[in-house]
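Okay, structure first, notes after.
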Protein chains: 2
Amino acid sequence: MVINLDIQEIIKTFRKNGYKVTAQRLAICKFILSRKDHPSAEQIYQGLSNEYPTISLGTIYKTLHLLKELGLVQELGFNEGSIRYDPDMELHINMVCSKCGKIYDYKAANVKELWNVIISDLGIKPKGQRIDIYYECEDCK
Amino acid sequence: MVINLDIQEIIKTFRKNGYKVTAQRLAICKFILSRKDHPSAEQIYQGLSNEYPTISLGTIYKTLHLLKELGLVQELGFNEGSIRYDPDMELHINMVCSKCGKIYDYKAANVKELWNVIISDLGIKPKGQRIDIYYECEDCK
DNA sequence: GTAACTGCAAACGCTTTGCACTCCC
DNA sequence: GGGAGTGCAAAGCGTTTGCAGTTAC
């Protein structure tokens with residue numbers, strides 16, 4: 001399973017928590033789910049400006065914070081000051097191209113196993129994790 | 001080996017690359033090496049303001065960029081907009097307290113082994129990596 | 001109907017830049 | 001002595017906030 005969320009589930013989560021379902025919120029969610037490279041707020045804004053010419057960056061940030069609060073996306077802060085949004089909350093590796101900045105998720109069966117070995121050695125209960133690998137992607141080679 | 005750098009080595013690296021060795025640069029390096037919790041630029045500034053009352057944030061940022069360029073520290077960007085600086089360039093896990101924000105390095109013999117298994121499965125040559133675990137530290141429990 | 005949401009613009013905080021003065025080599 | 005480095009202040013940029021108008025329920 002590449003994406004562990006669908007729009008119906010998101011709508012349910014909104015309603016269950018007392019948040020309204022608006023066209024803008026749905027558009028932002030769909031956009032993040034439709035892209036596999038973890039867009040920034042600005043990229044979401046650009047990507048939606050055709051369909052929603054009056055949407056504002058403020059709304060996008062507010063929605064992203066809401067999604068984070070509901071546990072539907074993970075924020076990935078980077079050095080260049082940008083924050084990227086990843087809708088995949090399961091354990092995975094972020095493959096980050098150090099040239100173009102695109103990020104793809106890598107999920108292999110054994111990553112989870114190996115990770116569990118490390119965690120059990122640590123003897124603590126992690127609340128979350130983040131694993132990045134920086135490399136040069138095919139397009140940038 | 002917890003810290004793989006000492007001041008002498010840093011001075012050599014500066015000179016070798018044609019950069020001058022100044023009191024401010026040394027103070028910043030010593031400060032980062034002396035702390036195990038990966039301070040932010042602001043924390044370095046506060047920590048040095050007694051010894052160097054006229055030091056500026058600009059100088060600290062410039063020095064940190066220089067250290068990064070020379071491969072002496074790693075920048076860790078976080079969601080809250082802050083960047084933290086880690087002088088340990090070897091493979092390790094950043095243990096990040098999600099409450100107080102302190103970061104400690106965790107190095108275990110088997111982490112490197114397990115990591116190598118993952119890398120060889122991927123079939124690519126990583127330029128670097130970052131592994132975070134978010135948890136609640138002893139002080140915050 | 002009303003409380004929550006949107007869009008806009010102003011404010012904010014961290015980081016970068018420009019420039020005159022200073023100091024290492 | 002000269003060029004690199006520092007300190008200061010202003011500018012930059014992504015993000016947050018406040019508020020009047022709008023919309024979901």
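Per chain, numbering begins at 1; letters A, B, ... match sequence-line order. Everything quoted here is computed from the prediction, not taken from an experiment. Computed over heavy atoms, backbone and side chain alike; hydrogens, waters and symmetry mates excluded.
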Could you run down the sub-3.5 Å N/O contacts of the protein with nucleotides 10-14 of chain D?
none

Rounded interatomic separation in angstrom, taking NE2 from A/His65 and P from C/dA4: 20 Å
Under 4.0 Å protein heavy-atom contact, by nucleotide of nucleotides 19-25 of chain C - B base, S sugar-phosphate only: -----BS
Interatomic distance where CG belongs to B/Asn17 and P belongs to D/dG3 [whole Å]: 20 Å
Sugar-phosphate only, base, or nothing, as touched by B/Thr54 at under 4.0 Å among non-hydrogen atoms: sugar-phosphate
pair B/Asp105-B/Asn94: side-chain heavy atoms closer than 4.5 Å: yes
Fellow cluster residues of B/Ile103, listed by chain then number, with links counted only when side-chain atoms sit under 4.5 Å apart: B/Leu76, B/Phe78, B/Val96, B/Tyr134
Spacing between A/Leu57 atom CG and C/dC12 atom P, to the nearest angstrom: 19 Å
With a cut-off of 3.5 Å and sequence neighbours excluded, list every side-chain donor-acceptor pair involving residues 64-71 of chain B.
unit_1  : atom_1 : unit_2  : atom_2 : d
B/Lys68 : NZ     : B/Glu75 : OE1    : 3.2
B/Glu69 : OE2    : B/Tyr19 : OH     : 3.0

Salt bridge (Lys or Arg N to Asp or Glu O under 4.0 Å) involving A/Asp132 - partner list, sequence neighbours excluded: A/Arg130
Proximity to DNA chain C (any heavy atom under 4.0 Å), residues of residues 44-53 of chain B only: none
A/Gln24 side chain near C/dG7 phosphate (N/O to OP1/OP2, under 4.0 Å): yes
Residue-phosphate contact under 4.0 Å: B/Thr59 side-chain N/O, D/dG7 OP1/OP2: yes
